Number of protein chains: 2
Amino acid sequence: MSLHTLKLAPQDCGDCPIRHRAVCARCDGQELAKLEEMKYYRSFEAGQNVVWSGDRMDFVASVVSGIASLTQTMEDGRRQMVGLLLPSDFVGRPGRTMAPYDVTATTDLVMCCFRRKPFEEMMSVTPHVAQRLLEMTLDELDAAREWMLLLGRKTAREKIASLLSILARRDAGLKARAPKGAISFELPLTREEMADYLGLTLETVSRQMNALKRDGVVELEEKRRIVVPNFDRLAEETGDDADGGYLS
Amino acid sequence: MSLHTLKLAPQDCGDCPIRHRAVCARCDGQELAKLEEMKYYRSFEAGQNVVWSGDRMDFVASVVSGIASLTQTMEDGRRQMVGLLLPSDFVGRPGRTMAPYDVTATTDLVMCCFRRKPFEEMMSVTPHVAQRLLEMTLDELDAAREWMLLLGRKTAREKIASLLSILARRDAGLKARAPKGAISFELPLTREEMADYLGLTLETVSRQMNALKRDGVVELEEKRRIVVPNFDRLAEETGDDADGGYLS
DNA sequence: CGACTGCCTTGATCAGGATCAAACGGAAGG
DNA sequence: CCTTCCGTTTGATCCTGATCAAGGCAGTCG
């Protein structure tokens with residue numbers, strides 16, 4: 001086990017175009033400068049694989065644009081998505097060389113990479129980096145546990161509603177707990193990818209999407225364009241507590 | 001979201017009776033001494049609640065003995081376990097005050113606690129602590145993702161086998177990938193708790209346990225005492241890759 | 001233009017696990 | 001001793017989502 005996704009909160013990035021800079025926001029600039037020298041970019045096309053489970057992975061990276069997904073696969077082909085990386089998310093694990101799951105470009109993708117060794121060295125001399133990474137990892141862990149509740153106990157309809165709610169919220173101003181007015185966004189996932197995310201089959205995803213449409217919870221135009229006329233209505237369908245309850 | 005479990009690797013503890021000392025194993029002893037002064041113990045009876053989801057939680061702690069579980073609950077009562085804390089595991093999140101899930105003593109439990117504020121201050125002056133906590137959190141995240149695969153894609157039988165395999169391995173020398181010979185251990189969970197862990201109902205757990213017994217994969221004596229005559233046989237039932245594949 | 005391909009929808013049927021219900025067995029307590 | 005209670009087993013039935021199969025709809029390439 002060795003790969004991880006870590007979120008860089010937008011407010012830490014300021015107007016810096018390369019989000020990962022935030023890692024050093026609180027440290028003196030010297031190490032940051034070294035970091036800048038080290039970095040390099042890699043692009044991937046939609047559907048392309050970034051690393052395979054079991055491969056050696058001697059870099060860490062943050063997503064600049066596009067979406068990547070982490071998936072685990074059983075020998076007989078059953079697949080489960082275990083992470084979804086959006087711009088500013090971090091991937092890679094200091095201290096381990098082997099990737100524990102597949103990383104795939106879901107859309108066209110640009111990542112900003114650092115070789116692992118120098119990054120680790122930098123980490124050990126700039127304490128804030130480890131602290132920031134710790135915070136991000138804890139957030140990731142919380143998200144994983146919420147996801148576990150979804151996988152273990154929610155109905156198909158609730159799963160779909162939860163996913164749409166997450167995407168809608170992320171799309172309509174990241175911090176808004178309960179966005180007001182209609183929200184419209186592009187689905188970045190195919191039905192099959194949604195199924196892998198939710199622990200369902202693609203047929204069930206398709207049926208439940210249309211059920212939510214039929215019931216007026218969402219509108220579908222062009223299969224991939226989603227309109228949520230009333231966010232609260234959607235939130236009711238998720239089975240979650242009404243209040244996000246996210247205080248400090 | 002704010003509560004977390006973090007493993008302290010046994011080798012870090014040496015012969016220290018209180019595992020959490022390991023946190024400072026690599027730092028100079030001054031901060032450790034301060035830590036020793038700060039600590040205090042709390043005991044709980046089996047079934048007793050440690051903190052409720054949403055409560056203020058102004059301490060962090062490590063498990064000294066017994067087992068605690070982290071669970072999330074939906075308003076209608078559906079429950080999903082999202083963490084299982086064994087001796088030497090760490091719980092609590094530096095930087096947040098609110099507990100995001102219920103923490104419950106599954107067996108009689110002793111925890112060693114630190115008030116959060118001083119612990120955080122100590123963290124910021126001893127960099128190795130943050131690094132160690134980061135490592136532990138990353139391990140926890142990997143475990144959560146393995147768990148997600150189980151919840152999303154495994155059959156009831158595979159889920160049961162996976163849980164028994166985890167417990168058997170943990171019981172028969174922690175590091176052994178594939179223990180040899182018969183393993184015998186006490187089940188620390190009720191059928192209902194197993195169900196909450198696996199995303200099943202307790203009836204299904206009971207049936208599948210007996211099915212595994214009928215098929216000679218495990219032996220049951222006294223409902224809670226498990227004997228695994230052949231670990232490899234059990235491992236086949238989990239659906240996982242044959243090799244644990246855990247290299248660095 | 002037609003054929004192909006990738007993605008999605010829809011229908012029919014099946015089955016794994018949930019649900020509802022009853023009963024068992026051992027421990028604790030009167 | 002009997003009763004109660006808790007955890008567990010077992011049975012009967014139901015239902016959600018999986019599976020198998022076919023067809024639709026764009027976009028693309030020959």
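Quick caveat: nothing in here was measured; it's all calculated off a predicted structure.
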B:I166: partners by side chain to side chain contact (heavy atoms under 4.5 Å, CB included), with sequence neighbours left out: B:Y197
For residues 219-231 of chain B, which side-chain N or O atoms pair as donor and acceptor with protein atoms under 3.5 Å away, sequence neighbours left out?
residue	atom	partner	partner atom	Å
B:R224	NH1	B:L187	O	3.2
B:R225	NE	B:S184	OG	3.2
B:R225	NH1	B:E186	OE1	2.4
B:R225	NH2	B:S184	OG	3.0
B:N230	OD1	B:D232	N	3.0
B:N230	OD1	B:R233	N	3.4

Figure out the [atom1]/[atom2] separation between [X] and [N], and round it to whole Å.
{"X": "B:K154", "N": "C:dG16", "atom1": "NZ", "atom2": "P", "result": "18 Å"}
{"X": "A:Q208", "N": "C:dG11", "atom1": "CD", "atom2": "P", "result": "15 Å"}
{"X": "B:E222", "N": "D:dT9", "atom1": "CD", "atom2": "C1'", "result": "17 Å"}
{"X": "B:L151", "N": "D:dG17", "atom1": "CG", "atom2": "P", "result": "16 Å"}
{"X": "B:M194", "N": "D:dG7", "atom1": "CE", "atom2": "C1'", "result": "13 Å"}
{"X": "B:R153", "N": "D:dT19", "atom1": "CZ", "atom2": "C1'", "result": "13 Å"}
{"X": "B:L200", "N": "D:dT8", "atom1": "CG", "atom2": "C1'", "result": "16 Å"}
{"X": "A:K213", "N": "C:dT10", "atom1": "NZ", "atom2": "C1'", "result": "13 Å"}

Sugar-phosphate only, base, or nothing, as touched by B:G199 at under 4.0 Å among non-hydrogen atoms: sugar-phosphate
Could you pull out all donor-acceptor pairs under 3.5 Å where a side-chain atom in residues 202-217 of chain A meets a protein atom, sequence neighbours excluded?
residue	atom	partner	partner atom	Å
A:T204	OG1	A:T201	OG1	3.1
A:N210	ND2	A:S206	O	3.1
A:D215	OD2	A:R157	NH2	2.2

Heavy-atom side-chain contact between B:S69 and B:E193 under 4.5 Å: no
More than 12 heavy atoms of other groups within 6.0 Å of A:E75 CD: yes
Exceeds 12 heavy-atom contacts within 6.0 angstrom, atom CD of A:Q48: yes
Polar pairs (N or O, both sides) under 3.5 Å between protein and nucleotides 5-9 of chain C?
residue	atom	partner	partner atom	Å
C:dC8	OP1	A:R224	NE	2.8
C:dC8	OP2	A:R191	N	2.8
C:dT9	OP1	A:R191	NH2	3.3
C:dT9	OP2	A:R191	NE	2.7
C:dT9	OP2	A:S206	OG	2.7
C:dT9	O5'	A:S206	OG	3.3

Test: B:D139 and A:R96 ion pair at under 4.0 Å: yes
Any pair counted as salt bridge (Lys or Arg N to Asp or Glu O under 4.0 Å), so long as it reaches residues 57-67 of chain B, sequence neighbours left out: B:R56-B:D58
Contact under 4.0 Å: B:T201 side-chain N or O vs C:dG17 OP1/OP2: no
Could you list, one pair per line, each protein nitrogen or oxygen that sits under 3.5 Å from a nitrogen or oxygen of nucleotides 27-29 of chain D, together with the distance?
none

Minimum heavy-atom distance between B:K159 and B:L151, given as atom pair plus value: NZ-O, 3.8 Å
